[in-house]
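Whatever order the structure lists ligands and atoms in, that order sets their numbers, starting from 1. The shown structure was predicted, so the numbers you read here are calculated from the model rather than taken from an experiment.
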Amino acid sequence: MSREEITPHRKIFVANWKMNGTSSFAEAYGAFFREKYQDVPKNTFTIICPPAPYLKILHDAAQGIVLLGIQNTATERKGAFTGEISADMAADMGCRYGLVGHSERRHLYQENNTIVFEKAVRLAEAGITPILCVGETYEQREAGQTACILAQQLQGMGRLPLTQEVIVAYEPVWAIGTGKTPTPQNVQETHRTIHAILRAEGLSAIPLLYGGSVTAANAKDFVSLEEVQGVLVGGASLKCEEFLSIVQSIEL
Ligand code: PGA
């Protein structure tokens, strides 16, 4: 599968395991997708972001059936940065996608928009498509600041190298891991706002995902929207059967 195949009609499903799993979990997950290959709808991209130590295990077990993503990479290219993983290393491990700007990184690790942008640039330079996560907190939403926050988070996107290979995931912070979701109409409106912001940055046709408490029960509500090109799934992606059902939701 090549990147060029991301077309508006191809839905994208991203699993973010966060800091969960074991080597045997990764092996079983990959084997499940390999076995269920025929059940994965053809017009989909399935991207799995396991913890970095399990990338190869997942890759070998899935035998190319799923695409690999890295959850986090460094702002620097290489050198004395103990504990960091560079974008080049992720590419070397077979990752074609990389999360950046996830709300847990922004809030728990104080990654501001400058750091997020640096990381996105490193990913793009390494030939990895950044999946840039943006979203407002509950307080910001209540204060009517959503569009302003999104514009700040997306500022400078037009200067990214290889901009045609960027994916944006709208993940309202208050919806992540809470079981609460915006209504599909809300997501539709916010995605239109994001498209307008991106157009002002000189970017068009950027795939937009929705993320935040997506499950097999509600995935269809989001992926059936024209403005939504896919979903980013955390908790519900930890069950391979449920994640497959989410991917299959385009057929319901
Ligand atoms: P969730 O996480 O699906 O568990 O809400 C989504 C995410 O953090 O990307």
### Query
Looking only at protein heavy atoms, which one is nearest to atom 2 (O) of ligand 1, and how far off is it?
K18 NZ, 3.3 Å
### Message
Tell me whether I206 shares a hydrophobic cluster with F13, the cluster being built from Ile, Leu, Val, Met, Phe, Trp, Tyr side chains joined at under 4.5 Å.
### Response
yes
### Heavy atom of the protein closest to atom 3 (O) of ligand 1 (residue, atom name, distance)
G234 N, 2.8 Å
### Query
Quick one: does T178 get an N or O within less than 3.5 Å of an N or O on ligand 1?
no
### Message
If you take the centroid of each ring, where Trp contributes its six-membered ring, are F33 and Y29 closer together than 6.0 Å?
### Response
yes
### Message
Regarding ligand 1, does G177 bring an N or O atom to under 3.5 Å of one of the ligand's N or O atoms?
### Response
yes
### Message
As an exercise, identify every atom of ligand 1 less than 4.0 angstrom from a heavy atom of H102.
### Response
7 (C), 8 (O), 9 (O)
### Message
Quick test of your reading of the model: are K119 and E111 salt-bridged, counting only N-O distances below 4.0 Å?
### Response
yes
### Basic-acidic side-chain contact under 4.0 Å: E189, R192
no
### Task
Return yes when G211 approaches ligand 1 closer than 4.0 angstrom through a heavy atom, no otherwise.
no
#### Entry: Identity and distance of the protein heavy atom lying nearest atom 9 (O) of ligand 1
E171 OE2, 2.7 Å
#### Entry: Atoms of ligand 1, numbered as shown, that sit under 4.0 Å from any heavy atom of L232
9 (O)
### Task
Starting from the C-alpha separation in whole Å, work towards a yes-or-no answer on side-chain hydrogen bond (donor to acceptor under 3.5 Å, both in side chains) for S245 and E242.
CA-CA 5 Å; S245 301; E242 178 158 14; over 6 Å; no
#### Entry: Note: R122-E76 ion pair, threshold 4.0 Å (strictly below)
no
### Option from N113, T137, N112 for which side chain to side chain donor-acceptor pair (under 3.5 Å) with R106 holds
N113
### Task
Give the C-alpha distance, both sets of side-chain angles, the deciding distance and a yes or no for side-chain hydrogen bond (donor to acceptor under 3.5 Å, both in side chains) between W174 and E136.
CA-CA 8 Å; W174 51 272; E136 81 288 357; 3.1 Å; yes
### Nearest-contact summary for atom 4 (O) of ligand 1 - protein heavy atom, Å
G235 N, 2.8 Å
### Task
Give a yes/no verdict on whether any heavy atom in G212 is under 4.0 Å from an atom of ligand 1.
yes
### Task
Report yes or no: does a heavy atom of A175 sit under 4.0 Å from some atom of ligand 1?
yes
